[in-house]
Enquirer: 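Quick one: this structure, given as structure tokens, is what I'll be asking you about.
All of these numbers come straight from a predicted model, not from anything done at the bench.
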Amino acid sequence: MELPEVEVMRRDLERDVVGKKIKDVEVKGSKNAMRVIRRHKTRKDFAAGLAGHKVMKTERRGKYVLLSLDGGEVWVVHFGMSGRFTRANGRIALAPHTHVIVTFQQGGDLRFVDPRSFGEMFVASTDELGKVKELQHIAIDPLDQVFTWPTFQYLLAQRATKMKQLMMDQKFISGLGNIYSDEVLFAAGIRYDRMSDSLSSQEVRRLYRAIQEILQDAIKARGTTLEDEAYLDLFGKPGEYQNELKVYGREGLPCRRCRTPIRTVKVQQRTSYFCPQCQS
DNA sequence: GTTTAACCCTGCACGC
DNA sequence: TGCGTGCAGGGTTAAA
């Protein structure tokens, strides 16, 4: 799940979960359920941080969602590749790989389902939060006010890395993953292996604009759900942005702009899609 | 500093 | 049909 999907999930939670009081927390007995709450030594320790508290607000930092609770604790969630929240109630059977079930005083529950268990969640006080390494490493958020194009240009020039991996580096810019980094580079006409310190001002501006437009459009379309329906929103609905993808998943198909077949290359063990004609 | 590979986990498509 | 392989929206770590 990348920034748009995380943001859609956050907005759903903001609308549906804020104001609700947590009555009960259940962490399943599987090894993977323990993996999901890996920062906590015991189920009890995790559950104690949530039970009895009301969800006050939500925010997003990169690919993390933070739910603030009354009493000052923060519930931090990262979805990994296959994690998601789903709203349900006691009458609905548990989906496979449900690891955590949070029941609300007002009725209904919130379930964390994650087949691959790369996701994680923990509860921390506001003080502790400042010491969490992963959160400290979160870099500039592309939808934040402070993400301006001169700043972006400066940051790019500071590094000497290939663009694809830099766009996916959460310590450089937080929120893009394999899909959206390909889409953004295509939109800007920049190839995966261009060096970050070689971009012209014009290219930086194009890339900057592409990042903002594509992420905003993807949020409007409620995210990307590939055919295996791995990503679903809080209410189990797929997104629509897969219909807008220009290069991702289109190996061998004609480029939508110039008809040249889309090619792939391995970057950091991930498949990267690009148009050999439109990107240079 | 940057790059590479292995690893964490399950499910699915594909080729033999 | 069954089985092995490789791949999937994430990230970390160690070593080169």
Enquirer: With respect to the phosphate group of C:dA8, does any side-chain polar atom (N or O) of A:Arg116 fall under 4.0 Å of OP1 or OP2?
Expert: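 No.
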
Enquirer: B:dT10, OP1 or OP2 - any side-chain N/O from A:Lys31 closer than 4.0 Å?
Expert: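 Negative; the distance criterion is not met.
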
Enquirer: For A:Glu251, which residues count as a side chain to side chain contact (heavy atoms under 4.5 Å, CB included) partner, sequence neighbours excluded?
Expert: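 Testing A:Glu251 for side chain to side chain contact (heavy atoms under 4.5 Å, CB included), a comparison that skips the adjacent residues, returns A:Thr264, A:Tyr273.
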
Enquirer: May I have the distance from A:Arg35 (atom CZ) to C:dG11 (atom P), rounded to whole angstrom?
Expert: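 In whole Å, C:dG11 P lies 14 Å from A:Arg35 CZ.
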
Enquirer: Is the A:Tyr241 ring parallel, tilted or perpendicular to the A:Tyr180 ring (thresholds 30°, 60°)?
Expert: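 A:Tyr241 vs A:Tyr180 ring planes: tilted.
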
Enquirer: Ignoring hydrogens and geometry beyond distance, is the side chain of A:Gln269 in donor-acceptor contact with the base of B:dA6 at under 3.5 Å?
Expert: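 Yes.
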
Enquirer: What is the distance, to the nearest angstrom, from the CZ atom on A:Phe112 to the P atom on C:dG10?
Expert: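 One finds 14 Å between P of C:dG10 and CZ of A:Phe112, rounded.
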
Enquirer: Answer yes or no: does a side-chain N or O of A:Asn32 lie under 4.0 Å from OP1 or OP2 of B:dT10?
Expert: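 For B:dT10, OP1 or OP2 has a side-chain N or O of A:Asn32 closer than 4.0 Å.
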
Enquirer: Under 4.0 Å between a side-chain N or O of A:His97 and OP1 or OP2 of B:dG11?
Expert: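 Looking at the OP1 and OP2 atoms of B:dG11, one of them is under 4.0 Å from a side-chain N or O of A:His97.
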
Enquirer: Stem finding on DNA chain B, please: runs of three or more consecutive Watson-Crick or G-U wobble pairs, both distances under 3.5 Å, sorted by first number.
Expert: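 So far as stems of 3 or more pairs are concerned, DNA chain B shows B:2-8 with C:10-16, B:10-16 with C:2-8.
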
Enquirer: May I ask you to verify if any side-chain N or O of A:Lys164 is less than 4.0 angstrom from the OP1 or OP2 atom of B:dT3?
Expert: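 It does not, given that no N or O in the side chain of A:Lys164 lies less than 4.0 Å from OP1 or OP2 of B:dT3.
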
Enquirer: Test of understanding: clusters of I, L, V, M, F, W, Y form through side-chain heavy atoms closer than 4.5 Å, transitively. Do A:Ile219 and A:Phe85 belong to the same one?
Expert: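 As far as the 4.5 Å side-chain criterion goes, A:Phe85 and A:Ile219 are connected within one cluster.
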
Enquirer: How about A:Phe152 and A:Phe147: are their ring centroids closer than 6.0 Å?
Expert: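 Ring centres of A:Phe147 and A:Phe152 closer than 6.0 Å.
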
Enquirer: Stacking between A:Phe118 and the base of B:dC8 (centre distance under 5.5 Å, interplanar angle under 30°)?
Expert: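 By the stated criterion, A:Phe118 and B:dC8 stack.
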
Enquirer: From the list C:dG10, B:dT2, C:dT12, which nucleotide is the closest neighbour of the side chain of A:Glu2?
Expert: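 Closest nucleotide among those given: C:dG10.
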
Enquirer: C:dA8 base to A:Arg270 side chain: any donor-acceptor pair below 3.5 Å?
Expert: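 Per atom types, no contact qualifies.
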
Enquirer: For side chain to side chain donor-acceptor pair (under 3.5 Å), just list the numbers for A:Arg159 and A:Ser196, CA-CA rounded to whole Å, side-chain angles, deciding distance to a tenth of an Å, and then say yes or no.
Expert: CA-CA 6 Å; A:Arg159 301 287 292 271; A:Ser196 56; over 6 Å; no

Enquirer: Hey, does the side chain of A:His78 come within less than 4.0 Å of C:dG10's phosphate (OP1/OP2), counting only N and O?
Expert: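 Indeed not, no polar side-chain atom of A:His78 lies that close.
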
Enquirer: Output a table of donor-acceptor pairs, distance under 3.5 Å, between side-chain atoms of residues 88-104 of chain A and any protein atom two or more places apart or on a different chain; print 'none' if there are none.
Expert:
from: A:Asn89; atom 1: OD1; to: A:Arg91; atom 2: N; distance (Å): 2.9
from: A:Thr98; atom 1: OG1; to: A:Ala95; atom 2: N; distance (Å): 3.4
from: A:Thr98; atom 1: OG1; to: A:Ala95; atom 2: O; distance (Å): 2.6
from: A:His99; atom 1: NE2; to: A:His97; atom 2: O; distance (Å): 3.4
from: A:His99; atom 1: NE2; to: A:Asp114; atom 2: O; distance (Å): 2.8

Enquirer: Within the pair A:Thr271 and C:dA8, is there a side-chain N or O less than 4.0 Å away from OP1 or OP2?
Expert: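 The answer is yes; a side-chain N or O of A:Thr271 sits under 4.0 Å from OP1 or OP2.
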
Enquirer: Between A:Gln165 and B:dT3, is there a contact of a side-chain N or O with OP1 or OP2 at under 4.0 Å?
Expert: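 Yes, within the criterion.
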
Enquirer: From the options C:dC7, C:dG10, B:dC8, select the nucleotide whose nearest atom is closest to the side chain of A:Lys266.
Expert: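 For the A:Lys266 side chain, the nearest candidate turns out to be C:dC7.
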
Enquirer: Between C:dT5 and B:dA6, how far apart are the P atoms? Round to whole Å, please.
Expert: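 That atom pair is separated by 15 Å.
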
Enquirer: Identify which nucleotide among B:dT10, B:dT3, C:dG11 has an atom closest to any side-chain atom of A:Lys63, counting heavy atoms from C-beta outward.
Expert: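 Side chain of A:Lys63 sits closest to C:dG11.
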
Enquirer: Distance check needed: C:dG11 P versus A:Asp169 CG, whole Å only.
Expert: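 Those two atoms, CG and P, are 9 Å apart.
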
Enquirer: Output yes when A:Glu14 and A:Arg11 qualify as a salt bridge under the 4.0 Å nitrogen-oxygen rule, no when they do not.
Expert: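 A salt bridge is absent here (no side-chain N lies under 4.0 Å from a carboxylate O).
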
